[in-house]
Amino acid sequence: MSARAWALSIEDREKLIQAAFEAKEGSYSRYSNFPVGAALLAVDGTIIKGANIENASYGGTICAERTALVKAVSEGTRKFIALAVTSNVKSAISPCGMCRQFIREFCANDMPILLVPADYPQEGKVKPGSSAGGVVETTLGELLPMSFGPEDLDLPRKLQ
């Protein structure tokens, strides 16, 4: 876990988590019955929500994290402070590999990512690897180590 993930104010953390739950309500998951909600906190304090939207062809499905990013980026927001993700699973779930790479395009490696269980806030003993309420606080760099990002395209290349 990263100390950076704890740098969010308690108020911002709670708003972001609640927004992820609200986003999940917009899920169109008739094939998997696996609704997911995501919420991005932009540097200006705006929260952008996204839900997974499935498609009968499956490959046309878009995850909640990518929905939120596409909404934000298409409206001109490209700097983010944190991301929260939730589902109907009583343990924290993590973004898929494609979403991790998509997040990497627009977010810093040390950006906090909150993985929120469906039964948040969990009461009682804190589970290993999670913080108050059962939330797993991690970063993009921890979820996608040794990643390839936009800055890598600017590296010098051997000419042939």
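Every value quoted in this text rests on a predicted model; they were computed, and no experiment measured them. FYI, the numbering just counts along the sequence from 1.
- No path of Ile, Leu, Val, Met, Phe, Trp and Tyr side chains, each step under 4.5 Å between heavy atoms, connects F148 with F102, placing them in separate hydrophobic clusters.
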_Run the side chain to side chain contact (heavy atoms under 4.5 Å, CB included) test on I81 and D12 for me, step by step, so that the C-alpha distance in whole Å, both residues' side-chain angles and the decisive distance to 0.1 Å come before the verdict._
CA-CA 10 Å; I81 296 172; D12 282 346; over 6 Å; no
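- Put simply, CG on L69 and CG on L83 are 7.0 Å apart, with the number rounded to the nearest 0.5 Å.
- Residue L153 places its CG atom among more than 12 non-hydrogen atoms of other residues, nucleotides or ligands, all under 6.0 Å distant.
- Side chain of E65 to backbone of M98: no donor-acceptor contact under 3.5 angstrom is found.
- Remark: E11 CD is loosely packed, at most 12 non-hydrogen atoms of other residues, nucleotides or ligands lying under 6.0 Å away.
- In this structure the side chain of E25 never reaches within 4.5 angstrom of the side chain of E22, judged on heavy atoms.
- Separating the CE atom in M146 from the CG atom in N109 is a distance of 12.0 Å, to the nearest 0.5 Å.
- Shown here for Q122 and P117, the closest heavy-atom pair between the two residues is NE2-CB, 3.5 Å.
- To the nearest 0.5 angstrom, C107 atom SG is 12.5 Å from R78 atom CZ.
- Residues S57 and G60 come closest through the heavy atom pair OG-N, 3.6 Å.
- Side chains of E105 and V73 form no contact here, defined as non-hydrogen atoms less than 4.5 Å apart.
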*CA sep, side-chain torsions, deciding dist, call: T86, Y120, side chain to side chain contact (heavy atoms under 4.5 Å, CB included)*: CA-CA 9 Å; T86 193; Y120 174 83; over 6 Å; no
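- In this structure, R13 and S131 approach most closely via the heavy-atom pair NH2-OG, 3.1 Å.
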*Would T77 and T46 count as a side chain to side chain contact (heavy atoms under 4.5 Å, CB included) if you check the C-alpha gap in whole Å, the side-chain angles of each, and the deciding distance to 0.1 Å?*
CA-CA 9 Å; T77 302; T46 304; 5.9 Å; no
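- The neighbour count for L155 CG, taken as heavy atoms of other residues, nucleotides or ligands under 6.0 Å away, is above 12.
- No side-chain heavy atom of I103 sits under 4.5 Å from any side-chain heavy atom of F80.
- Checked by atom type and distance alone, the side chain of T67 pairs as donor or acceptor with a backbone atom of A51 at under 3.5 Å.
- Residue R104 comes nearest to L140 through the heavy atom pair CA-CD2, 3.5 Å, listed as atom of the first residue, atom of the second, then distance.
- At a threshold of 4.5 Å between non-hydrogen side-chain atoms, the residues R66 and N52 do not count as touching.
- The side-chain heavy atoms of I17 and V135, taken from C-beta on, include a pair separated by under 4.5 Å.
- Residue R30 holds its CZ atom at 10.0 Å from CG of N55, rounded to the nearest 0.5 Å.
- Side-chain contact annotation: E14 with Q18, donor-acceptor N/O pair under 3.5 Å present.
- Here the OG atom belonging to S27 is positioned 9.0 Å from the CG atom belonging to N33, to the nearest 0.5 angstrom.
- Considering every non-hydrogen atom in both A84 and V116, the closest pair reads CB-CG2, 4.5 Å.
- Between the CG atom of L115 and the OG atom of S87 there is a distance of 10.0 Å, given to the nearest 0.5 Å.
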Tabulate below the donor-acceptor pairs under 3.5 Å that side-chain atoms of residues 34-43 make, not counting sequence neighbours, or state none.
none

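- With no hydrogens or angles considered, a side-chain donor-acceptor pair links S94 and R100 at under 3.5 Å.
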_Set out, in order, the CA-CA distance, both residues' side-chain angles and the distance that settles side chain to side chain contact (heavy atoms under 4.5 Å, CB included) for I113 and E142, then state yes or no._
CA-CA 10 Å; I113 298 179; E142 291 169 344; over 6 Å; no
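- In this structure, S29 contributes its side chain and S32 its backbone to no donor-acceptor pair below 3.5 Å.
- A donor-acceptor pair is defined here as one N or O able to donate and one able to accept, closer than 3.5 Å; no such pair exists between the side chain of K90 and the backbone of A118.
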